[in-house]
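We name chains A, B, ... by the order of the sequence lines, and we start the count at 1 in each one. Keep in mind the model is a prediction, meaning the values are calculated, not measured.
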Amino acid sequence: MRYWLMKSEPDEVSIDDALAAPRQTVAWTGVRNYQARNFMRDAMQVGDGVLFYHSSCPEPGIAGLAEVVSTSYPDETQFDPKSPYYDPKATRETPRWMLVDVRATKKTRLVSLAELRAAPELAGMQVLQRGNRLSITPVSPAEWKFICKKLIG
DNA sequence: GCCAACGTTGGC
DNA sequence: GCCAACGTTGGC
């Protein structure tokens, strides 16, 4: 059982959108970074905990909780020439981009980026490190517990 | 809109 | 394999 922080632009898929989806589940499409892909492909397991983070928006921060509900499989958008996520180098025989399904479990109060940065307990959190741009980052059990208990309640 | 930071591309 | 140029992310 591992824990992750996954960024989503709320204009694309917000926590409300995820909760409103069938089975509260969305396919995590559009990741086009190898490190983030590798986390989904190689490290994620069904049941892993997810902090659902809103990025590139007026109030960036953790907006909800979710869980991984599938193993990885090819991201369909890489094969679709009309998709903004189309990758001409990907084929169905050798897909390049993999994703998992994520089920939203709870909308929380917005725990802002500033609030996360203000907590000494979270100083080592990967998403808070200088220059971090990864859209998926691991979260330690201690960080997960602290965020769930102290910040979300 | 700005810009720091980082990833990717492609010439050599 | 190096590295400059370019593109993207994402907070502010």
Rounded to whole Å, the CD-P distance (A:Glu59 to C:dC12) equals 12 Å

A:Arg32 CZ to C:dT9 C1', in whole Å, measures 15 Å

A:Lys89 has its side chain closest, among B:dT9, C:dG11, B:dT8, to B:dT9

Check: Just checking, any donor-acceptor pair under 3.5 angstrom between side chains of A:Ser14 and A:Asp17?
Finding: yes

Winner on side-chain proximity to A:Arg133, out of C:dC12, C:dG10, B:dC6, is B:dC6

Whole-Å distance, A:Gln35 CD to B:dT8 C1', equals 13 Å

Between the side chains of A:Tyr34 and A:Arg96, is a donor N or O closer than 3.5 angstrom to an acceptor N or O? yes

When rounded to whole Å, the CG to C1' distance for the pair A:Asp87 and C:dT8 reads 15 Å

Exercise. According to the interplanar angle, ranging from 0 to 90°, do the rings of A:Phe39 and A:Trp4 count as parallel (below 30°), tilted (30 to 60°) or perpendicular (above 60°)?
Worked result: tilted

note: A:Ile136, atom CD1; C:dT9, atom C1'; distance rounded to Å ~ 14 Å

Between CG of A:Asp11 and C1' of C:dT9 the distance, given in whole Å, is 15 Å

With the side chain defined as heavy atoms from C-beta on, A:Ser135 is closest, among C:dG10, C:dG11, B:dG7, to C:dG10

Rounded to whole Å, the OH-C1' distance (A:Tyr34 to C:dT8) equals 15 Å

| Just checking, is any N or O donor in the side chain of A:Tyr85 or A:Asp80 under 3.5 Å from an acceptor N or O on the other one? | no

Atom CH2 of A:Trp97 and atom C1' of B:dG7 are separated, to the nearest Å, by 10 Å

Which part of the nucleic acid, if any, lies within contact of A:Glu9, taking any heavy atom under 4.0 Å across all strands shown: a base, the sugar-phosphate backbone alone, or nothing?
nothing

- Are OP1 or OP2 of C:dG11 and a side-chain N or O of A:Tyr53 less than 4.0 angstrom apart? yes

Side chain to side chain contact (heavy atoms under 4.5 Å, CB included) filter on A:Lys145, not counting sequence neighbours, yields none

Phosphate contact (C:dG10 OP1 or OP2) by A:Lys7 side-chain N/O below 4.0 Å: yes

